[in-house]
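What follows is a short report on a single structure.
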Protein chains: 2
Amino acid sequence: MTKEPAAPADSRDSSLSLAEGIAARLRDQVTGGTLVPGQRLSEARLAAELEISRNTLREVFRLLTREGILRHEPNRGVFVAVPSMASILDIYRVRRLIEVPALAQAWPGHAAVTRMHNAVEQAKELQKIPDWRGVGSANMEFHAAIVALTDSPRLIQFFTQIIAELRLAFGLLDSPELLHQPYIPRNAEILGKLERGDPAAAARMLDDYLNQSERAVLEAFARLG
Amino acid sequence: MTKEPAAPADSRDSSLSLAEGIAARLRDQVTGGTLVPGQRLSEARLAAELEISRNTLREVFRLLTREGILRHEPNRGVFVAVPSMASILDIYRVRRLIEVPALAQAWPGHAAVTRMHNAVEQAKELQKIPDWRGVGSANMEFHAAIVALTDSPRLIQFFTQIIAELRLAFGLLDSPELLHQPYIPRNAEILGKLERGDPAAAARMLDDYLNQSERAVLEAFARLG
DNA sequence: CGAAAAAAATTGTTCAACAATATCGCATGG
DNA sequence: CCATGCGATATTGTTGAACAATTTTTTTCG
């Protein structure tokens with residue numbers, strides 16, 4: 001066969017390494033539901049399908065395994081991670097531990113406040129379409145921005161992984177509007193408190209938010225059996 | 001004193017993957033000072049030296065990069081990470097955020113308390129030899145055990161990385177006895193408070209400990225110029 | 001029908017090669 | 001003499017094939 005067209009379906013910028021670009025594609029397929037949790041990813045088959053070598057695919061696997069959305073079993077292969085109730089509990093515990101103090105000690109003039117603002121606006125817009133997956137993404141961005149308030153590279157990176165895992169769990173659940181819609185005004189309220197110079201109150205509201213959201217997610221998860 | 005990696009003749013630890021085994025060896029070389037921060041690690045040269053293929057070495061690099069003790073620059077290579085004052089500040093901030101609440105809400109009968117106990121005992125023993133690097137390891141184990149009190153897989157794994165990075169910074173510093181020795185009785189005291197059912201007091205002491213330790217590390221770091 | 005043995009498939013690791021990118025040395029010109 | 005551009009060199013990025021080690025499937029025999 002002749003050389004395949006050098007321009008793939010969506011031209012990934014060369015700033016990303018090939019493995020990173022493929023990883024982004026696979027990540028979308030996982031959070032988008034094309035690849036279902038528990039599914040096995042055969043190296044040979046996937047490498048051929050993605051038109052990359054097995055070695056490069058293995059690098060992709062390592063990237064995504066580190067993010068927690070794939071799981072690697074020695075000599076057995078790589079699988080799409082299966083969110084469990086335990087993992088959701090753990091994720092929300094970590095979120096509370098990190099997000100609440102981050103917000104409580106925030107300076108209202110921090111650059112990340114703008115990110116929070118934009119995330120709220122975008123969620124409102126996407127709600128109208130409605131694009132609930134987009135709303136979910138904007139919501140995640142809002143909380144990532146909260147963690148960015150800390151200016152801690154390690155916390156920010158860690159939280160990015162946590163968010164990726166949570167998205168995987170969300171992908172399993174139905175009725176996303178019930179999961180995301182009620183929280184748009186809440187986020188706006190939290191942001192308002194912070195901008196008016198009362199981060200303590202904002203942090204209290206965030207704690208409530210997280211508890212309520214956790215309950216909703218666990219209920220939706222339990223409905224799946 | 002020269003840790004000879006020269007005799008890998010039969011280090012076929014079937015439990016560990018080849019890459020993981022090599023990674024452990026490299027990790028020791030980094031924390032042990034054989035490989036100095038900032039040093040470039042040539043793929044071809046190191047692969048030959050370790051008697052593994054470049055592909056496997058690249059996997060090792062990815063493992064250690066994830067742990068934060070190596071740094072990867074695209075198309076330029078892999079380097080031993082260089083601890084900065086900023087990274088030390090960030091690490092201690094994360095430590096306070098995670099360790100103090102972990103201890104505060106601990107149940108004195110938790111299995112990890114035994115780990116804390118053993119770590120304290122081992123530190124006392126190694127102090128007599130004296131083996132200050134060993135004391136440092138025991139100290140790290142003590143704090144890893146504190147995080148284990150949370151039963152949170154994600155926090156535990158995250159903290160493992162943080163600890164690895166901190167060890168890298170310690171490797172740069174001289175006079176390890178000044179860095180570790182004063183904290184042996186402190187750890188014992190913290191453990192005592194916890195075992196006597198006063199986790200709140202233990203947490204307060206831990207917070208003091210971390211602030212003081214941070215100051216000592218930063219001072220030692222500043223002395224290096 | 002069940003269990004052991006053989007066969008097939010998959011992952012783990014290595015090797016050799018080439019392309020893409022960065023680094024170095026050197027000649028040239030001001 | 002020094003700066004600069006350019007080609008030569010070295011290094012990383014990626015590929016494909018090969019073989020060993022391990023798991024999974026199939027076959028065979030009791």
Side-chain angles (χ1 to χ4, degrees), chain A residues 1-27 35-36 38-66 69-82, chain B residues 5 8-27 30 35-66 69-82:
Chain A
M1 72 182 96
T2 57
K3 276 183 153 183
E4 289 300 318
D10 56 334
S11 57
R12 295 285 175 186
D13 209 17
S14 56
S15 66
L16 290 171
S17 121
L18 174 60
E20 286 168 333
I22 301 285
R25 249 161 67 189
L26 270 192
R27 197 183 301 116
L35 298 173
V36 274
Q39 182 174 347
R40 179 182 192 165
L41 302 181
S42 156
E43 287 188 0
R45 206 174 55 75
L46 239 191
E49 193 176 317
L50 296 170
E51 296 179 352
I52 59 177
S53 77
R54 264 183 69 207
N55 281 324
T56 302
L57 180 59
R58 280 167 143 277
E59 168 152 3
V60 173
F61 281 168
R62 275 166 225 132
L63 291 172
L64 296 179
T65 298
R66 153 164 80 131
I69 71 183
L70 296 185
R71 215 159 31 73
H72 173 87
E73 298 186 19
N75 288 318
R76 289 189 23 91
V78 172
F79 304 78
V80 180
V82 184
Chain B
D10 64 330
S11 55
R12 298 280 176 182
D13 293 17
S14 51
S15 63
L16 290 171
S17 135
L18 173 60
E20 286 168 334
I22 301 285
R25 250 163 63 189
L26 270 192
R27 196 182 301 115
V30 169
L35 297 173
V36 279
Q39 181 173 349
R40 179 183 193 164
L41 302 181
S42 155
E43 289 187 359
R45 205 172 54 76
L46 238 190
E49 192 176 317
L50 295 170
E51 294 179 354
I52 59 178
S53 78
R54 266 182 68 206
N55 281 326
T56 302
L57 180 59
R58 281 162 77 83
E59 167 150 6
V60 173
F61 281 168
R62 272 160 225 136
L63 290 172
L64 297 179
T65 297
R66 154 164 79 137
I69 71 183
L70 296 185
R71 215 159 34 74
H72 173 87
E73 298 187 19
N75 289 318
R76 288 188 23 89
V78 172
F79 303 79
V80 179
V82 184

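Chain letters run A, B, ... following the sequence lines, proteins first and then strands; every chain starts at 1.
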The side chain of [X] lies closest to which of these nucleotides: [options]?
{"X": "B:Thr56", "options": "C:dT14, C:dG12, D:dG16", "result": "C:dT14"}
{"X": "A:Glu43", "options": "C:dT14, C:dG12, D:dT12", "result": "C:dG12"}
{"X": "B:Asn75", "options": "D:dT22, C:dT21, D:dT14", "result": "C:dT21"}
{"X": "B:Ile52", "options": "C:dT11, D:dT14, C:dT14", "result": "C:dT14"}
{"X": "A:Asn55", "options": "D:dT23, D:dT12, D:dG16", "result": "D:dG16"}

Distance-minimising heavy-atom pair for [X] and [Y]:
{"X": "B:Leu57", "Y": "B:Ala47", "result": "CD2-N, 3.5 Å"}
{"X": "B:Val36", "Y": "B:Val80", "result": "O-CB, 3.4 Å"}
{"X": "B:Ala23", "Y": "B:Leu64", "result": "O-CD2, 3.8 Å"}

Atom pair distance, as rounded to whole Å: [atom1] in [X] and [atom2] in [N]:
{"X": "A:Arg45", "N": "C:dT11", "atom1": "CZ", "atom2": "P", "answer": "10 Å"}
{"X": "A:Leu41", "N": "C:dT11", "atom1": "CG", "atom2": "P", "answer": "9 Å"}
{"X": "B:Ile22", "N": "C:dT14", "atom1": "CD1", "atom2": "P", "answer": "8 Å"}
{"X": "B:Glu73", "N": "C:dT21", "atom1": "CD", "atom2": "C1'", "answer": "14 Å"}
{"X": "A:Arg54", "N": "C:dG12", "atom1": "CZ", "atom2": "P", "answer": "8 Å"}
{"X": "B:Phe61", "N": "D:dT12", "atom1": "CZ", "atom2": "P", "answer": "8 Å"}
{"X": "B:His72", "N": "D:dT11", "atom1": "NE2", "atom2": "C1'", "answer": "12 Å"}
{"X": "B:Glu59", "N": "D:dT12", "atom1": "CD", "atom2": "P", "answer": "18 Å"}

Can you tell me how far the CZ atom of A:Arg58 sits from the CD atom of B:Glu59, to the nearest 0.5 Å?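 The CZ atom of A:Arg58 sits 6.5 Å away from the CD atom of B:Glu59.
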B:Val60 and side-chain contact (heavy atoms from CB on, under 4.5 Å): which single residue from B:Leu18, B:Val78, B:Leu26 fits?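 With B:Val60 as partner, side-chain contact (heavy atoms from CB on, under 4.5 Å) holds for just one option, B:Leu26.
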With DNA chain D as reference, determine whether A:Pro74 or B:Ala44 sits nearer its 5' end, using the nearest nucleotide of each.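 Between the two, 5'-proximity favours B:Ala44.
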For B:Ser53 and B:Arg40, find the nucleotide of DNA chain C closest to each by heavy atoms; which residue's nucleotide sits nearer the 5' end?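 Result of the comparison: B:Ser53.
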What nucleic acid atoms does B:Leu57 come within less than 4.0 Å of, heavy atoms only: base, sugar-phosphate, or nothing?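 It contacts nothing in the nucleic acid.
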Output yes when at least one side-chain N/O atom of A:Arg58 is less than 4.0 Å from OP1 or OP2 of C:dT11, else no.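 False: A:Arg58 side-chain N/O out of range (4.0 Å or more) of C:dT11 OP1/OP2.
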